[in-house]
Amino acid sequence: MDKEKRSIKLAEDKYRSFLHDAEADTQWRNGAPPNFDKVNLVFEEGRTKTWPEGSLEETVQNAVKSWEMELSHKTRLQDFRSINPDNFKLIVNGKEGLSGEETLRMGSYNALLKNSLPQELKYYKAEEESFESSHNAFGSAFPRGFAWEVLGVYSGPPTIAYKFRHWGFFEGPFKGHVPTGKMVQFYGMGVLKVDEALRAEDVEVYYDPAELFAGLLNGPLLSADHEQLESSERSTQTTPSNRCPLH
């Protein structure tokens with residue numbers, strides 16, 4: 001790392017490293033570091049596990065939150081500190097791994113939801129979505145954020161196996177569907193391989209996307225006039241900075 005680079009205190013967040021001590025020249029997607037106060041509140045009110053400070057479970061939980069934060073809010077892989085950019089791969093449900101640059105370009109939603117189902121059977125068409133449109137869609141559905149917790153850790157580094165829960169409240173429209181206000185959640189497993197500096201090299205995620213979409217597609221379709229109004233209102237709003245992808 002360039003010795004002339006300096007760290008700058010940007011924002012405090014007790015669950016995410018590399019946010020409040022980012023390098024001064026870090027490039028943020030929205031021009032400034034994100035704020036996670038809303039989703040942190042959803043997490044604290046709805047989590048089913050409270051891990052001891054310094055435990056392996058808490059360490060893994062915060063590491064994944066930090067990785068997700070960088071992926072969603074930093075625009076250059078060189079600014080990432082939670083992964084090893086030379087060896088990184090994201091593997092979802094056993095599919096071919098994506099490199100760090102590929103994952104950054106696609107965005108976490110598209111990377112995690114891409115599948116090979118026939119077009120008529122797809123709940124969500126990742127290949128037709130951009131980074132921005134995917135985050136807008138899920139940020140609209142979960143205006144308070146999409147919280148994530150570790151339910152258990154079954155092995156320590158360098159190969160960390162864990163179980164997770166992801167949840168949020170469907171309080172905004174999603175792809176033309178009326179929000180129900182109900183909790184939407186799903187469960188999954190992950191395998192995180194880290195290097196000697198505890199940077200992620202392989203991130204494997206296994207889960208059933210149908211658990212997520214069962215809640216999001218449960219509401220009736222919006223009328224054409226209502227959908228047009230919602231779209232117009234969203235286009236005039238600043239993209240919230242606390243939108244969480246699937247991790």
Side-chain angles (χ1 to χ4, degrees), residues 38-39 41-43 45-48 64-65 68 71-72 90-95 98 103 105-149 151 163-190 203-237 239-247:
K38 288 183 179 180
V39 73
L41 184 59
V42 174
F43 167 72
E45 292 179 342
R47 60 184 170 184
T48 61
V64 174
K65 288 177 185 284
E68 179 277 319
L71 177 61
S72 295
L90 173 63
I91 302 163
V92 181
N93 289 336
K95 296 192 295 290
L98 297 171
T103 307
R105 183 178 66 254
M106 294 175 63
S108 52
Y109 284 114
N110 291 334
L112 289 161
L113 292 169
K114 187 176 181 180
N115 61 71
S116 56
L117 288 171
Q119 288 292 316
E120 64 273 14
L121 297 180
K122 289 185 177 182
Y123 310 111
Y124 175 88
K125 298 178 180 179
E127 66 277 6
E128 297 179 5
E129 302 284 348
S130 66
F131 184 109
E132 290 76 15
S133 69
S134 63
H135 278 252
N136 286 339
F138 286 94
S140 168
F142 302 113
R144 287 190 286 155
F146 204 22
W148 189 92
E149 70 170 334
L151 297 178
K163 183 179 181 180
F164 67 85
R165 169 179 172 248
H166 219 334
W167 78 98
F169 293 91
F170 184 20
E171 297 169 328
F174 176 78
K175 295 293 185 180
H177 287 265
V178 175
T180 64
K182 296 180 180 179
M183 179 190 292
V184 174
Q185 65 180 341
F186 67 90
Y187 299 84
M189 299 291 296
V203 177
E204 298 184 49
V205 180
Y206 299 91
Y207 75 106
D208 182 0
E211 286 189 292
L212 168 64
F213 289 107
L216 290 174
L217 303 181
N218 192 37
L221 287 169
L222 291 164
S223 67
D225 290 343
H226 191 178
E227 188 172 4
Q228 185 176 5
L229 176 61
E230 291 283 357
S231 177
S232 176
E233 289 176 346
R234 288 197 302 273
S235 68
T236 62
Q237 296 173 350
T239 302
S241 62
N242 63 349
R243 293 177 179 175
C244 177
L246 292 173
H247 287 276

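Residue indices begin at 1 and follow the sequence shown.
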Where do [X] and [Y] come nearest, in terms of heavy atoms and distance?
{"X": "Lys125", "Y": "Glu129", "answer": "O-CG, 3.4 Å"}
{"X": "Asn110", "Y": "Ser130", "answer": "ND2-O, 3.3 Å"}
{"X": "Leu216", "Y": "Val184", "answer": "N-CG2, 4.4 Å"}
{"X": "Arg165", "Y": "Gly46", "answer": "NH1-O, 3.0 Å"}

Whether [X] side chain and [Y] backbone form a donor-acceptor pair below 3.5 Å:
{"X": "Asn93", "Y": "Tyr207", "value": "yes"}
{"X": "His166", "Y": "Ala147", "value": "yes"}
{"X": "Glu171", "Y": "Pro143", "value": "no"}
{"X": "Ser140", "Y": "Pro173", "value": "yes"}

Taking the six-membered ring for Trp, are the ring centroids of Phe138 and Tyr124 within less than 6.0 Å of each other?
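Aromatic pair counts; centres sit under 6.0 Å.
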With heavy-atom distances below 4.5 Å as the criterion, would you say the side chains of [X] and [Y] are in contact?
{"X": "Phe43", "Y": "Trp148", "value": "no"}
{"X": "Arg144", "Y": "Val39", "value": "no"}
{"X": "Val42", "Y": "Phe146", "value": "no"}

Measuring from atom [atom1] of [X] to atom [atom2] of [Y], what distance do you get when rounded to the nearest 0.5 angstrom?
{"X": "Leu212", "Y": "Trp167", "atom1": "CG", "atom2": "CH2", "result": "14.5 Å"}
{"X": "Phe186", "Y": "Asp208", "atom1": "CZ", "atom2": "CG", "result": "9.5 Å"}
{"X": "Phe170", "Y": "Phe142", "atom1": "CZ", "atom2": "CZ", "result": "7.5 Å"}
{"X": "Thr48", "Y": "Glu149", "atom1": "OG1", "atom2": "CD", "result": "3.5 Å"}
{"X": "Thr180", "Y": "Asn218", "atom1": "OG1", "atom2": "CG", "result": "6.5 Å"}
{"X": "Lys95", "Y": "Asn115", "atom1": "NZ", "atom2": "CG", "result": "6.5 Å"}

Can you classify the ring geometry of Phe131 versus His135 as parallel (below 30°), tilted (30 to 60°) or perpendicular (above 60°)?
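Ring orientation of Phe131 relative to His135: parallel.
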Should the pair Lys122-Glu128 be classified as a salt bridge under the 4.0 Å nitrogen-to-oxygen rule?
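Between Glu128 and Lys122 there is no salt bridge, as every charged N stays at least 4.0 Å from the carboxylate O atoms.
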Is a side-chain donor-acceptor pair under 3.5 Å present for Ser108 with Glu68?
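Distance-only check fails for Glu68 and Ser108.
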